[in-house]
Amino acid sequence: KLSHDASPDGFTKSAANLGYYVQAAWYMDVCRSVGFEPKEFVFCAVEPNPPYMTGIYELDYSWLEFGRSEYRRALEIFDRLEYYQVPVFKDSRTGEILQTLSPPSWLFYRRNASY
């Protein structure tokens, strides 16, 4: 799914929801692995409807570091694919099936914002 909102807020939401930060980190690191040192990774967002508003964006260091950690985690899962053959999510540290979940931090912010 592509971003339909090329504004800074709209593209930020798309980057977070669709993992554009993982894409940017991956491509930059692949370039580095073959000897090319990219200075930046730029996205050009174009809205699909008239007047076809456009935004040109780069992601800051924190986005790229988070993306890098996400693709590395995916590679670790791929390396341990046999571990995931049973269709049950297991704790990645302990291997246990029963996991204790904590509420996400955004839930508290949403609640406080509604007062």
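Basis for what follows: all heavy atoms, side chains included, without hydrogens, waters or symmetry-related copies. Numbers here are sequence positions counted from 1.
Residues Val46 and Ala6 approach most closely at N-CB, 4.4 Å, considering heavy atoms. Taking every heavy atom of both residues into account, Ala24 and Leu64 meet most closely at CB-CD2, 3.6 Å. In this structure, Thr94 and Asp91 approach most closely via the heavy-atom pair N-OD1, 3.0 Å. Nearest heavy atom pair, residue Tyr21 against residue Gly67, reads CD1-CA, 3.4 Å. What you find for Thr12 and Pro8 is that their closest heavy atoms are OG1-O, 2.7 Å. The two residues Phe11 and Ala45 have their closest heavy-atom pair at CD1-CB, 3.7 Å.
Applying the side-chain contact (heavy atoms from CB on, under 4.5 Å) criterion to Pro51, with sequence neighbours excluded, gives Met53. Taking Glu58 as the reference, nothing meets the salt bridge (Lys or Arg N to Asp or Glu O under 4.0 Å) condition, with sequence neighbours excluded. Applying the side chain to side chain donor-acceptor pair (under 3.5 Å) test to Asp9 and every residue at least two apart in sequence or in another chain returns nothing. Residues satisfying the side chain to side chain donor-acceptor pair (under 3.5 Å) test with Ser62, not counting sequence neighbours, are Asp60.
Note that NZ of Lys13 is 10.0 Å distant from CG of Leu18, once rounded to the nearest 0.5 Å. Taking CZ of Arg73 as the reference point, atom CG of Leu75 lies at 11.0 Å (rounded to 0.5 Å).
Residues Ser14 and Asp5 fail the side-chain proximity criterion, which asks for heavy atoms closer than 4.5 Å.
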Please set out all donor-acceptor pairs under 3.5 angstrom arising from side-chain atoms of residues 26-34, sequence neighbours excluded.
from	atom 1	to	atom 2	distance (Å)
Asp29	OD1	Arg32	NH1	3.1
Asp29	OD1	Arg68	NE	3.4
Asp29	OD1	Arg68	NH2	2.8
Asp29	OD2	Arg68	NE	2.6
Asp29	OD2	Tyr71	OH	2.4
Arg32	NE	Glu37	OE2	2.8
Ser33	OG	Val30	O	2.6

Under the criterion ring pair (Phe, Tyr, Trp, His ring centres under 6.0 Å), I'd like the reasoning laid out for Phe43 against Tyr57: C-alpha separation, chi angles, the key distance, then a yes or no. CA-CA 5 Å; Phe43 291 94; Tyr57 306 108; 8.6 Å; no
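Of the possible donor and acceptor atoms, none in the side chain of Tyr20 sits under 3.5 Å from a partner among the backbone N and O of Leu59. Proximity of a side-chain donor or acceptor of Glu70 to a complementary backbone N or O of Glu65 within less than 3.5 Å is not detected.
Taking Ile, Leu, Val, Met, Phe, Trp and Tyr as hydrophobic and joining them when side-chain heavy atoms fall under 4.5 Å apart, one finds Ile56 in a cluster with Val42.
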